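All remarks here apply to the structure that follows.
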Amino acid sequence: MTEARIIRVAGAIAEARPLGEAALYELVEVGERRLLGEVIRLQDDIATIQVFEETSGLSLEEPVRRTGSSLTTALGPGLLGSILDGVGRPLEGLADRSGDFIAPGTTLPTLDPEARWSFAPTAATGATVAGGDVLGVVEERPGIMHRVLVPPGSAGRIADIQEGSFTVSDTIATFEDGSPLSLSHPWAIRERRPMRRRLPGDRPFITGQRVFDLLFPVVEGGSVAVPGGFGTGKTVIEQSLAKYAKADVMVYIGCGERGNEMAEVLHDFGRLTDPATGRPIMDRTILIVNTSNMPVAARDASVYLGMTFAEYYRDMGYHVAILADSLSRWAEALREIAARLQEMPGEEGYPTYLANRMSRLYERAGRVESEGTPSRTGAVTFISAVSPPGGDFAEPVTQASLRVVGALWALDARLAHQRQFPAVDWDTSYSLYAEASASWFSEEGGADWRKLRAETIRLLQRDRELREIAGLVGVDALEDDDRLVLEGARIAREFLIGQNAFHPHDAFSSVSKTYHLARLLWEFMRTGTGALEQGVAFEKLDLAGVRVAFGAVKTAAPDDLDALIVEAERTIADMEVA
Amino acid sequence: MKPLEAPMARTYAGAASAAGPLLFVRSTRRAKLGEWVRIEGAGQRNRRGQVIDVGNEITVIQVFEETLGLRPAEATITLTGETATTLVGKDLLGRALSGTGAPLDGLPASIGEARLPIWGAPINPVRRQHPSDFIETGVTAIDGMNTLVRGQKLPVFSGPGLPGVELAADIVENARPARGEPFAVVFAAVGITERETQTFVSRFRESEVMERTVLFLNQASDPTIERLLTPRVALTTAEHLAFTHGIHVLVVTADITHYAEALREVAAAREEIPGRRGYPGYMYTDLATLFERAGVLKDSPGSVTQVPVVTLPDDDITHPIPDLTGYITEGQIVLSRELHQRGVYPPVDVLPSLSRLMNAGIGKEHTVAEHREWADQLYAIYARGREAKLMAAIVGSEGLAPGDRRALEFVDAFEKELIHQGGVRRSLPDTIRIGWSLLQTLPRDELTRISDATWGARTGGTDAGKSS
Ligand SMILES: Nc1ncnc2c1ncn2[C@@H]1O[C@H](COP(=O)(O)OP(=O)(O)O)[C@@H](O)[C@H]1O
Ligand SMILES: [Mg+2]
């Protein structure tokens, strides 16, 4: 057989011939440096390849070799705490090989081939098992049990299963037909992992951000788009969730964004502990990093890689959150590749299949009952930043996201410029999960959660109407009760939905703190309205004292919270006598 | 299999065709993507180019010099076997060079230390040090409100006729490394006018910054496509100074808008499918390969900090050039035509301005303990005042609530006393002091971003209480 050789290279795309036998999406090694690439089009005996590494220096006639498999990742213990590039190579390992700067052409396994894991079987010799059944467990990180699963699609009677210390490729069990099982198995990242059935989401994903938990909640298994122009706070939101939100496993995908941001993530995540477990948050985190100046085709892979990891831990029965920053860069990678292929462009130059690809991706999120026994439910929650050009949401990536997500957290540049953070535009944002999560919040936060939510929304809406009026006639011309609404909304913006990601006690808000701030706001409005009805003049209300009290609750250390809430209640009750 | 030997220089007689800045050559053997090309011909001047698309049938070469007068059929085309490189070394300091590194100052060429490829490799994110070292620029709107740190990329968003280049020159002239560490400037002029270039150069010479500066000058009259090289030549030089010699390097590029236009010209010549407003769909990625070359490495003493100047076409911040820049850089310093017209210098509108790395670079260890609260509070009142100003335009300031009225008055003082500083350098302590004096004109209970502890320390321990 003649060896395939490069006949064209342009940007991230190479063409080689003869490769008629190759399969679509088959992985190939391109050139003498064996750059990783993937066949994305086959025509006669010519294969078009997207190359996941820097192509400059590739020349005509260099060889191209088939690998026989598609882009797969190894799934097994050791993923947690790892920092990988878009195709799953550990970045520390790459640094050991090529230093401070990334050089193309290095192959490295995702899972450390030498690490040994202590495996405790739960399945017994003689048992008949199938895909998704639990073979046993490995304590992957302190307190985190990695359930070793029979790979989807395989089945048999266990002839032998061993307890002991193994590497990810050692045989831990064999089927009667002789086929071995190990702690890890490969998975093609573009394929969704099977599950028994989808379940409706019924528990909230606790974000620790009041504006989301109270106004625009998301359920475990839900999906959210977070569009906003540059500097509106997308990354701060994604990072805050990765740090403080409640999930068993976090998959953070830095897709086509800044290197310094990733340095910040690495710096912070290494120092923070998960309040729920007291363990470093890196223990529950997988970081996938493909910065904007790294090869563009790997952006495409990075998102599927992250999704595959998430599904894998979901299958073990965990709740996994994927934080993708930013999905627009992924879509732009598709556009860049499509343009090189001279494909017929759709809207704004994006390929016509963009919306289709995006919905298939979003659909991999969800709460599910896993395959196999013992029965498990798990969930993948998907929160993706979207970077609309010019901050204008009427663009293909935002629009395609909106067709599939259950919640929209719309960020607004005007609010960001005023330093109103999170800069969530409460008029445009929505959540379809509010009702599904309300019972849980009512139980955990307070019985009147629904009412407080509705009252807060009403207050903000009324505020907007009044401000339009005041903009025409002046605040002076407003009635006292309307001025009270303006004041209440100011408190809401500043102390309830405003949250400073860099304040040690404000960065995360417990459900209880969120509840109490909402309740105090409602108390304020009720007491204020009562006072005005009694004929007290608006000017006589001690608003300054109330604002100070709210500020104190907002930034309260956990130990002081209860006392400061009581004090705020007192200040509100006394505000008319000031 | 036997490795193919490294390709050597190969010469071809005549190109098949030429279009704009592109040259199309038939069946080049083993052309390499990114390969450096010489184009010569009897009676034609020598030109340089780069392979941007290799194919069995046609290989595309992007020509960096003007192609006017080029006769493709008569040209001799040499594929050099190498990729574009530039000479780097400490002896470049003090030199003025062309946009591709040839001496312009009449002095002999530098000897240099090495030739490095100009298309730098990406920094491995795990090898990056999170930037946190404060750079004092002497500009209040930056030092106080949008702090610059080493390893950051912080562009100036200017507009036609606004003093973006002047502000960049101020920064170069006044920036002080915190502890007297080695410091250098690399200035890349990209398509700016002779006058703008002179603004820079004469100020450098006067202030004796020149001896620690390397100038790369591609001016408006120089070849357009060369603009794609100049920033990369400059950055390669900067990286070498930073990471081989441990120098803190500030790279100023003016103007990114001209760079982006050159990018568009090549894309159009290739008949590529255009992205937004005619700019290529890969412009984000391309700009990222420039801006992401800022940074600090672990276990390495130097740093590369970038202050690019971007002229907003039509003052439009949503134009693809500033938009994509803002999506990549770590903030932006935005100039305002209105402030400029009112004589405020530098005319920085702090509301849309941002430094994303400010948090790590301020506070007790870097600047002053209360820096965050101070800046947040100034922002909060100024933003409120600007809203009030809009409202006052309709209802008059009598129609405003008392707090809004005070904020409105604050706007004026803030712009005239804090932002405006003429051309004079202002130290950070002075910046902080003036800020406090403005804040202290307001009632304590309107300063909700200032904690009691900070307030107490500020007012000498008296009245740490809540409200007046
Ligand atoms: N919750 C927040 N609290 C305080 N500052 C914030 C918050 N969110 C955003 N910011 C500020 O806004 C800047 C830009 O936010 P970032 O998330 O990087 O924006 P984006 O990713 O949308 O471009 C941050 O550097 C920070 O200064
Ligand atoms: Mg971001």
Side-chain angles (χ1 to χ4, degrees), chain A residues 7-10 32 54-63 83 91-92 94-95 100-103 230-231 258-260 262-264 266-267 289 291-294 296 332 335-336 339 345 348-349 387 389-392 417-419 470-477 494 502 544-545 547-548 551, chain B residues 1 3-4 7 30-34 53-56 83 119 121-131 151 272-276 281-282 284-285 288-289 292 295 297 318 320 323 326-328 330 351-352 354 357 359 372 376 379-380 383 391 394-396 398-401 445 448 466-467:
Chain A
I7 58 166
R8 178 158 186 246
V9 195
E32 271 136 29
E54 177 55 47
T55 50
S56 79
L58 271 186
S59 76
L60 292 178
E61 295 170 50
E62 285 193 56
I83 305 162
L91 284 170
E92 290 287 0
L94 289 182
D100 294 331
F101 296 85
I102 294 178
F230 63 82
R258 303 177 182 88
N260 280 331
M262 296 322 297
E264 181 181 16
L266 297 175
H267 178 270
V289 180
T291 56
S292 54
N293 56 339
M294 283 159 81
V296 71
E332 285 163 10
R335 177 170 71 181
E336 259 184 76
E348 300 207 5
S387 317
D392 181 359
H417 292 172
Q418 295 170 0
R419 279 20 182 203
L472 297 173
V473 300
V475 175
D476 270 2
E494 219 169 307
F502 304 105
R547 293 170 55 80
V548 171
Chain B
M1 76 172 300
L4 298 160
R30 313 245 4 257
K32 273 201 302 188
L33 194 65
D53 188 333
V54 302
N56 263 4
T83 54
W119 305 84
I123 298 177
N124 186 325
V126 299
R127 298 298 306 153
R128 278 184 186 269
Q129 176 77 42
H130 183 45
E272 288 171 7
I273 300 160
R276 238 175 114 236
Y282 49 79
Y284 174 84
T285 307
T289 63
E292 277 294 322
L297 300 178
T318 69
D323 190 50
Y327 268 121
I328 304 163
E330 282 127 1
L351 294 188
L354 169 71
L357 299 182
N359 277 311
R372 181 79 266 164
D376 282 352
Y379 261 113
M391 203 191 267
I394 304 165
V395 302
E398 324 77 57
L400 299 178
D445 56 60
T448 49
K466 289 174 206 157
S467 61

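Throughout, a chain's letter reflects where its sequence line sits, starting with A, and its residues are numbered from 1. Treat the numbers as computed from the prediction; the structure is a model and nothing was measured.
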Where [X] and [Y] come nearest, the two heavy atoms and their spacing:
X      : Y      : value
A:P389 : B:D323 : CA-OD2, 3.3 Å
B:R30  : A:L60  : NE-O, 3.2 Å
B:I273 : A:A339 : CD1-CA, 4.2 Å
A:A10  : B:L33  : CA-CD1, 4.4 Å
A:L266 : B:P125 : CD1-O, 4.1 Å

Contact part of [X] toward chain A, heavy-atom cut-off under 4.5 Å: side chain, backbone, both or neither?
X      : value
B:A288 : both
B:T285 : both
B:L297 : side chain
B:R276 : side chain
B:L354 : both

Once the angle between the rings of A:F230 and B:Y327 is folded into 0 to 90°, is it parallel (under 30°), tilted (30 to 60°) or perpendicular (over 60°)?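 Taking B:Y327 first and then A:F230, their aromatic rings stand perpendicular (interplane angle over 60°).
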
Which one of [options] has the most heavy-atom pairs closer than 4.5 Å to chain A?
options                        : result
B:I394, B:N359, B:T289         : B:N359
B:A383, B:G275, B:P352         : B:P352
B:G281, B:G326, B:G396, B:A380 : B:G326
B:D53, B:L400, B:T318          : B:D53
B:G34, B:P320, B:G55           : B:G55

Test item: A:R419 side-chain N/O and B:L351 main-chain N/O as donor-acceptor pair under 3.5 Å: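 Checked: pair present.
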
Give the intermediate values and the outcome of side-chain contact (heavy atoms from CB on, under 4.5 Å) for residues B:E330 and A:R258. CA-CA 8 Å; B:E330 282 127 1; A:R258 303 177 182 88; 3.8 Å; yes

With sequence neighbours excluded, tell me which residues meet ring-ring contact (aromatic ring centres under 6.0 Å, His included) with A:H417.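 If we apply the ring-ring contact (aromatic ring centres under 6.0 Å, His included) test to A:H417, skipping adjacent residues, there are no hits.
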
Any side-chain heavy-atom pair from B:L357 and A:N260 closer than 4.5 angstrom?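 SC-SC contact between B:L357 and A:N260 confirmed.
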
Going by heavy atoms in the side chains, are A:E92 and B:N124 under 4.5 Å from each other?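 Side-chain contact under 4.5 Å: no.
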
Let me know if [X] has heavy atoms under 4.5 Å from chain B in its side chain, its backbone, both or neither.
X      : value
A:E54  : neither
A:A477 : neither
A:E336 : side chain
A:V289 : side chain
A:I102 : both
A:L94  : both

In terms of heavy-atom pairs under 4.5 Å with chain B, which of [options] leads?
options                        : value
A:V475, A:T55, A:L91           : A:L91
A:G391, A:P345, A:G551, A:A103 : A:P345
A:A470, A:G390, A:S56, A:G231  : A:G390

Nearest 0.5 Å, what's the OG1-CD distance between B:T448 and A:E494?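 Those atoms lie 4.0 Å apart.
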
Dump the intermediate steps for side-chain contact (heavy atoms from CB on, under 4.5 Å) on A:M262 and B:V126, then the final yes or no. CA-CA 8 Å; A:M262 296 322 297; B:V126 299; over 6 Å; no

Are side-chain N/O atoms of B:E292 and A:T291 paired as donor and acceptor at under 3.5 Å?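 The answer is no; no qualifying pair exists.
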
Taking salt bridge (charged side-chain N to carboxylate O under 4.0 Å, His left out) as the definition, give me every residue that meets it alongside A:D100, ordered by chain and number, with sequence neighbours left out.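 Scan of A:D100 (salt bridge (charged side-chain N to carboxylate O under 4.0 Å, His left out), adjacent residues dropped) gives B:R127.
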
